[in-house]
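The structure appears below as C-alpha cells.
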Amino acid sequence: MYHFTSLSQANSPKPKISYKTQYFPQQLDHFTFQPNSYKIFYQKYLINNHYWQHGAPIFVYTVNEGDIEWFVANTGFLLDIAPKFPALLVFIETLGYLNSQQALADYAVLIRSLKQNLSSEASPVVVFGGSYGGTWFRLKYPHIAIGDLASSAPILHFDDITPRSSFYDAVSQDFKDASLNCFEVIKGNWAELEALSAQKGGLVELSRTFRTCKDLHSMSSAWDWLWSAFTYTAMVNYPMKANFLKPLPAYPMCNIIDGFPPGASKLSRVFAAASLYYNYSCTEKCFNLENQPDAHGVRGWNWQFFGLNSAAKLTQLNSVKPHHKHLKVLRLISLQNAYNCTFL
C-alpha cells in the first residue's frame, strides 16, 4: 500500500488514504503486427476506492514520464475533490521509452479493462494530468473519457500549428513578469558562459565558479545544468513551499539575482539562483553537473520525445529542450528567494 495525505489534509486530523499497487498485462505495441508486438509488459497503476460508489465517476491521472509515486504524493487536488463526486482514483504509469501514441493506447486499454472488471462500464471517466497525457487522451479517445483537466497542456502543439518556441516564450515571460532585470541577467549569462569556457583554463574557472565535484570537460554540462534549473523553476513557481521537483520555497524566482550588487558577474548571479533550485535544503557541498541524478525518472521524457519524432503522428510536445542554435533566440530565465547555504 502507498499512503498519501493531500496538502489540505496535512494540518487536519483526516486519515491517510491508501493506494493499492496493481499491474496490468499490457501489449507492448498496439499498432504493428511483428512478433515482438505481442509481448506483454506489466504496467503499474495505483488505485484508491476509499470514496467511490459503484457507478460513480472514475478519475484517472495519466502520469506521463516520471515516477508514479512522485506524482501521487504531489497531486492533492484529486484527493480533495474525490469525496464530492464520489470518485474512484487511478494513477497510471507510462512506459516511458515508447512514443505518445503507444502511451495513450496503453491508457485506453487499461481503463476499458478496469471498468469491465469493476462491472461499472457506465461510470464516466475524467482524465487529469500535465503535459500531453490528460489533453491528448481526450482528443484521441473521446469515447472513453468525457473530459480532461490538464496543467500546462500542449493542446495544439504540433508542427505547422504552434511555433516551436512557444514553450520557451512562456517560460521567458514568467521571468520577465517576476523581474525584467532578472530576465536580462539570465539572457546575458549565456554569452558570458561561452566566453569564459573559450578561454585558456576557462573550464577550470567554470568548475570553480559552479562548485563542481569534478572538473568539467565541456561547457554544455554547465549550460544544461542552468537550463534545467531555470526551466523547471518556471514550472513550479508555486505560492507556497513545495517539494514536487525539488524542495523549494514559495515563489522561487528572482529575488536572489536582483539582490546582488551591481558589479557582480552574471555567472555568479545565475549560479546562486540555480543553487537555490538544486540545494535549497542545503544538503549538497558540491554539484555533479556531468552526471546529474534523476530521482523522479523525468529523463524518460527525452527518450519519449525522440520516439515521438520518429514513430508517432502526435509530435512536438511543449517541454522540448531547444537545440543550442536556437538558444540565442530563446534565452530566458531567473530565480527568487534568498539562498543561505554555504559551501566547503
Evaluate the side chain to side chain contact (heavy atoms under 4.5 Å, CB included) criterion for residues Asp148 and Trp136: first the C-alpha distance (whole Å), next the side-chain angles of each, then the deciding distance (0.1 Å), finally the verdict.
-> CA-CA 9 Å; Asp148 69 79; Trp136 285 358; over 6 Å; no
Under 4.5 Å between side-chain heavy atoms, hopping through other hydrophobics if needed: is there a path connecting Leu139 to Leu104?
-> yes
Go through the steps to decide whether Lys214 and Glu290 satisfy the test side chain to side chain contact (heavy atoms under 4.5 Å, CB included), and finish with yes or no.
-> CA-CA 8 Å; Lys214 296 181 179 180; Glu290 294 188 335; 5.9 Å; no
Pairwise distance OH(Tyr277) to CG(Leu226) - rounded to 0.5 angstrom | 12.5 Å
Using a distance-only test with no angle check, is there a side-chain donor-acceptor pair under 3.5 angstrom linking Ser221 and Ser218?
-> no
Among Leu89, Val90, Val60, whose side chain to side chain contact (heavy atoms under 4.5 Å, CB included) with Ile47 holds?
-> Val90
Least distance between heavy atoms, Gly55 atom then Ser120 atom | N-OG, 3.3 Å
Check: Gln34 side chain, Asn36 main-chain N or O, donor-acceptor pair, under 3.5 Å | no
With distance as the sole test, does Lys266 use its side chain to make a donor-acceptor pair with the main-chain N or O of Asn189 at under 3.5 Å?
-> no
In a check of side chain to side chain contact (heavy atoms under 4.5 Å, CB included) between Tyr45 and each of Thr21, Leu110, Val63, which one passes?
-> Leu110
Between Pro247 and Asn243, what is the shortest heavy-atom contact and its length?
-> N-OD1, 3.2 Å
List in chain and number order the residues that pass side-chain hydrogen bond (donor to acceptor under 3.5 Å, both in side chains) with Thr162, two or more places apart in sequence or in another chain; answer none if no residue qualifies.
-> none
Hey, could you give me the CG/CZ distance between Asp258 and Arg269, rounded to the nearest 0.5 Å?
-> 8.5 Å
Just by distance, do the side chain of Ser207 and the backbone of Leu216 share a donor-acceptor pair under 3.5 Å?
-> yes
Smallest heavy-atom separation, Val171 atom then Phe230 atom, equals CG1-O, 4.5 Å
Would you say the side-chain atoms of Ser268 pair up with the backbone N or O of Ser265, donor to acceptor, closer than 3.5 Å?
-> yes
Flag, side chain of Asn279 to backbone of Glu284, donor-acceptor distance under 3.5 Å = yes
Say whether, by atom type as modelled, one donor and one acceptor occur between the side chain of Thr62 and the main chain of Phe128 under 3.5 angstrom.
-> yes
Distance flag, aromatic centroids of His50 and Trp52, threshold under 6.0 Å = no
Would Ile92 and Ile111 satisfy side chain to side chain contact (heavy atoms under 4.5 Å, CB included), going step by step from the backbone distance to the final call?
-> CA-CA 9 Å; Ile92 306 176; Ile111 290 170; 4.1 Å; yes
Indicate, with yes or no, if Met240 and Phe77 share a hydrophobic cluster defined by side-chain heavy-atom contacts under 4.5 Å among Ile, Leu, Val, Met, Phe, Trp and Tyr.
-> yes
Looking only at non-hydrogen atoms, find the nearest pair between Ala56 and Pro86 and report the distance.
-> CB-O, 2.9 Å
About how many Å separate OG1 of Thr209 and CD of Glu192, when rounded to the nearest 0.5 Å?
-> 9.5 Å
How far apart are the closest heavy atoms of Trp225 and Tyr278, and which atoms are they?
-> O-OH, 2.7 Å
Is any NZ, NE, NH1 or NH2 atom of the basic residue among Glu69 and Lys44 found under 4.0 Å from an Asp or Glu carboxylate oxygen of the other?
-> yes
Between Asn237 and Thr233, is there a donor-acceptor pair closer than 3.5 Å when you use the side chain of the first and the backbone of the second?
-> no
Would you find a donor on one side and an acceptor on the other, under 3.5 Å apart, between the side chain of Arg138 and the backbone of Val126?
-> no
Do Ser172 and Asp169 have a side chain donor and acceptor closer than 3.5 Å?
-> no
When you look at Tyr280 and Ser275, which way does the side-chain hydrogen bond (donor to acceptor under 3.5 Å, both in side chains) test go after all the steps?
-> CA-CA 7 Å; Tyr280 179 66; Ser275 297; over 6 Å; no
May I have the step-by-step check of side-chain hydrogen bond (donor to acceptor under 3.5 Å, both in side chains) for Asp106 and Gln102, ending in yes or no?
-> CA-CA 6 Å; Asp106 290 342; Gln102 299 284 0; over 6 Å; no
Return yes if a side-chain donor-acceptor contact under 3.5 Å exists between Thr94 and Tyr107, otherwise no.
-> yes
Hydrophobic cluster identity match, Tyr238 and Ile256, side-chain contacts under 4.5 Å | yes
For residues Phe85 and Phe59, establish whether the separation of their ring centroids is below 6.0 Å.
-> yes
By ring-ring contact (aromatic ring centres under 6.0 Å, His included) - contacts of Tyr61 (at least two apart) = Phe71, Phe91
Shortest non-hydrogen contact from His54 toward Ser119 = NE2-O, 2.7 Å
Mind checking whether Tyr232 and Trp227 have parallel, tilted or perpendicular rings, split at 30° and 60°?
-> perpendicular
Could you walk me through whether Thr212 and Asn288 pass the side chain to side chain contact (heavy atoms under 4.5 Å, CB included) check?
-> CA-CA 6 Å; Thr212 62; Asn288 192 355; over 6 Å; no
